[in-house]
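Worksheet: one structure, shown below.
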Amino acid sequence: MLKKIFTLSLLLVAAIFVLSSCTKSDVISNENDITGTWAVTGIRSNIANDWDGDGYSETNIYGTYSTCQRDIVLVFDYNGRGQRRQGCNANWQNLSWQLLNNNHTLYIGIPDGDINLNNLRFGANTIQGDDTVYSNGRNYTVTYTLQRR
């Protein structure tokens, strides 16, 4: 009986330790977690494809961009508004954004298309999410990584 109580107590302590070590940093709780300036630091696909048309297949889409093309900045203001810029000397363009699906999806509406970042992963100053892209007759999962500036 004493051994059973000891084991139960040990399991209870372990459960408390595990639960107390969890943080809310991996969960987007509201728009305050998103608002601000973010730089895109990675774009990868789950399957290799010739994303840049050079005859070679790759999964690192971001790696195919020139230095200026990699200069992608998103500004998420309150109330679902914001701006984006891609390119060293590019003009700013308006965007809209919204948290959906119990804050597991970040919808970003930009002039040349929409991005739906699903399965959001939120860390210290980082957001990652997956967008489904249709190209060359198949669906790809494209993962975007954003870093807070």
Side-chain angles (χ1 to χ4, degrees), residues 10-149:
L10 186 59
L11 287 173
L12 183 60
V13 168
I16 290 170
F17 177 77
V18 168
L19 292 175
S20 67
S21 66
C22 292
T23 64
K24 296 273 292 176
S25 67
D26 59 348
V27 176
I28 295 174
S29 57
N30 59 48
E31 72 176 22
N32 292 328
D33 292 335
I34 302 291
T35 55
T37 303
W38 297 83
V40 175
T41 58
I43 306 171
R44 298 188 69 82
S45 68
N46 65 327
I47 302 168
N49 184 38
D50 185 9
W51 294 105
D52 59 354
D54 67 354
Y56 298 98
S57 294
E58 60 274 323
T59 57
N60 183 2
I61 300 167
Y62 190 76
T64 67
Y65 291 177
S66 69
T67 301
C68 277
Q69 287 174 320
R70 289 182 192 159
D71 185 22
I72 308 169
V73 179
L74 304 171
V75 178
F76 300 120
D77 294 329
Y78 290 98
N79 301 318
R81 306 233 187 274
Q83 294 185 323
R84 72 111 184 201
R85 176 181 55 94
Q86 179 176 0
C88 297
N89 299 312
N91 292 323
W92 288 93
Q93 297 176 316
N94 291 329
L95 66 78
S96 61
W97 67 275
Q98 185 177 10
L99 286 170
L100 304 167
N101 190 22
N102 289 327
N103 298 345
H104 289 94
T105 298
L106 174 60
Y107 162 82
I108 305 169
I110 54 177
D112 32 351
D114 298 336
I115 299 172
N116 288 291
L117 298 181
N118 298 298
N119 306 315
L120 287 179
R121 293 158 316 271
F122 187 68
N125 300 316
T126 303
I127 297 174
Q128 277 192 326
D130 305 322
D131 190 22
T132 302
V133 175
Y134 184 79
S135 178
N136 296 326
R138 70 186 307 176
N139 285 318
Y140 297 84
T141 300
V142 176
T143 301
Y144 289 80
T145 303
L146 289 73
Q147 186 77 38
R148 188 181 295 275
R149 280 199 171 169

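Numbers here simply count residues along the sequence, with the first being 1.
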To the closest 0.5 Å, what do you measure between CG (D77) and CD (E31)? 10.0 Å
Quick test of your reading of the model: are R121 and D130 salt-bridged, counting only N-O distances below 4.0 Å? yes
Could you grab the distance from atom CG of N102 to atom CD1 of I28, nearest 0.5 Å is fine? 12.0 Å
Contact list for residues 37-50, test salt bridge (charged side-chain N to carboxylate O under 4.0 Å, His left out), sequence neighbours left out: none
Taking only residues at least two apart or on different chains, which pairs with a member in residues 128-149 satisfy ring pair (Phe, Tyr, Trp, His ring centres under 6.0 Å)? W51-Y140
Y62 side-chain N/O to R70 backbone N/O, donor-acceptor pair under 3.5 Å: yes
The single option from V142, T145, D131 passing side-chain contact (heavy atoms from CB on, under 4.5 Å) against I43: V142
For the atom pair CD1 (I72) and CH2 (W38), what is the distance rounded to the nearest 0.5 Å? 15.0 Å
Would S45 and V133 count as a side chain to side chain contact (heavy atoms under 4.5 Å, CB included) here? Give the steps. CA-CA 9 Å; S45 68; V133 175; over 6 Å; no
Any disulfide bond (SG atoms under 2.5 Å apart) pairs touching residues 95-146, not counting sequence neighbours? none
Smallest heavy-atom separation, L146 atom then L74 atom, equals CD2-CD1, 3.6 Å
Is a donor on one side and an acceptor on the other found under 3.5 Å between the side chain of R148 and the backbone of A124? no
Strictly by disulfide bond (SG atoms under 2.5 Å apart), give each pair with a member in residues 29-115 just once, sequence neighbours left out. C68-C88
For Y65, what residues pass the ring pair (Phe, Tyr, Trp, His ring centres under 6.0 Å) criterion, not counting sequence neighbours? none
N118 and H104, any side-chain heavy atoms less than 4.5 Å apart: no
Side chain of N103, backbone of L99: donor and acceptor closer than 3.5 Å? no
Under 3.5 Å donor-acceptor, N46 side chain and T141 backbone: yes
What's the separation between atom OG in S66 and atom CG in D52, rounded to the nearest 0.5 Å? 11.0 Å
Distance, nearest 0.5 Å, that separates CG of L117 from CD of Q128: 10.0 Å
Counting heavy atoms not belonging to N30, are there more than 12 under 6.0 Å from its CG? yes
Pairs satisfying side chain to side chain donor-acceptor pair (under 3.5 Å), at least one member in residues 79-100, at least two apart: D71-R85, R84-Q93, R84-D112
Within the structure provided, determine whether I127 and I34 are in side-chain contact (heavy-atom separation under 4.5 Å). yes
Interatomic distance, CG@N136 vs CG@N139, rounded to 0.5 Å, equals 11.5 Å
